[in-house]
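Let me begin by presenting the structure, written as structure tokens, before commenting on it.
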Amino acid sequence: MKMLTDNVLITLNEEGKEKERVTGGGIILTGTPDDDKSSKPATVIAVGPDVLDIVQGNVVYLDWATAISVTVAGNSAAIIQSKHIKAVL
């Protein structure tokens with residue numbers, strides 16, 4: 001997938017993905033109300049031509065509320081403008 005302008009394609013890191021739990025009664029829980037993505041890192045998959053200081057493979061923290069969820073080759077990903085990336089590790 002080719003990103004345009006200042007857009008960045010990211011995927012949630014493995015340690016940030018929700019883990020399913022099953023209760024004794026068989027109910028599947030995919031997270032708790034406190035499990036939001038706000039503090040979870042992501043890995044950069046692709047960057048647009050106008051993006052500075054961010055390259056493929058960087059691990060970043062971002063404002064997840066501004067991300068657009070997409071599916072790429074059967075995997076969950078998100079598109080975000082580079083201005084919403086808050087830190088590069």
Side-chain angles (χ1 to χ4, degrees):
M1 180 178 286
K2 179 181 177 180
M3 293 292 97
L4 303 176
T5 64
D6 67 338
N7 291 309
V8 179
L9 181 66
I10 52 106
T11 186
L12 188 61
N13 287 353
E14 284 298 319
E15 64 267 14
K17 290 185 180 174
E18 294 179 355
K19 295 176 176 53
E20 287 185 352
R21 295 169 297 187
V22 180
T23 67
I27 297 172
I28 299 172
L29 303 174
T30 58
T32 65
D34 295 332
D35 287 344
D36 64 4
K37 294 179 183 174
S38 63
S39 63
K40 296 179 182 174
T43 301
V44 175
I45 299 171
V47 296
D50 298 338
V51 176
L52 304 174
D53 302 322
I54 300 169
V55 296
Q56 183 179 5
N58 279 153
V59 175
V60 297
Y61 281 95
L62 59 132
D63 181 0
W64 282 99
T66 60
I68 300 168
S69 295
V70 295
T71 302
V72 179
N75 297 313
S76 295
I79 298 172
I80 190 164
Q81 286 184 303
S82 61
K83 69 181 181 183
H84 297 295
I85 294 177
K86 306 305 179 189
V88 178
L89 300 181

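Separation of atoms CE (M3) and CD1 (I10) is listed at 10.5 Å; rounding is to 0.5 Å. Here the NZ atom belonging to K83 is positioned 11.0 Å from the CG atom belonging to D63, to the nearest 0.5 angstrom. One distance of note links NZ of K40 with CG of L12; it measures 6.5 Å at 0.5 Å rounding. Distance OG1/T5 to CG/D50: 6.0 Å, rounded to 0.5 Å. Interatomic distance, OG1 of T66 versus CD1 of I85, reported as 9.0 Å (0.5 Å rounding). Here the straight-line distance linking atom CG of N7 with atom CD1 of I79 works out to 6.5 Å at 0.5 Å rounding.
The 12-atom threshold is not exceeded at NZ of K2, counting heavy atoms of other residues, nucleotides or ligands nearer than 6.0 Å.
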* Asked: Would V70 and L9 count as a side-chain contact (heavy atoms from CB on, under 4.5 Å) if you check the C-alpha gap in whole Å, the side-chain angles of each, and the deciding distance to 0.1 Å?
  -> CA-CA 9 Å; V70 295; L9 181 66; 4.0 Å; yes
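Under a hydrophobic-cluster definition in which Ile, Leu, Val, Met, Phe, Trp and Tyr are linked whenever side-chain heavy atoms come within less than 4.5 Å, directly or via other members, I45 and I54 are assigned to different clusters. Using a 4.5 Å cut-off between side-chain heavy atoms of Ile, Leu, Val, Met, Phe, Trp and Tyr, with links allowed through other members, V88 and V55 fall into different hydrophobic clusters.
Closest approach of V72 and A77 over heavy atoms only: CG2-CB, 4.2 Å. Of all heavy-atom pairs spanning W64 and A42, the tightest one is CZ2-CB, 3.8 Å.
Not a single side chain to side chain donor-acceptor pair (under 3.5 Å) links S82 to another residue, sequence neighbours left out. Under the side chain to side chain contact (heavy atoms under 4.5 Å, CB included) criterion, S76 pairs with no residue at all, not counting sequence neighbours. The side chain to side chain contact (heavy atoms under 4.5 Å, CB included) search around L89 returns V59, Y61, not counting sequence neighbours.
Considering D6, V8, L52 in turn, V8 is the only one that fulfils the side-chain contact (heavy atoms from CB on, under 4.5 Å) rule with V47.
The closest side-chain heavy-atom distance from T43 to N58 is not below 4.5 Å.
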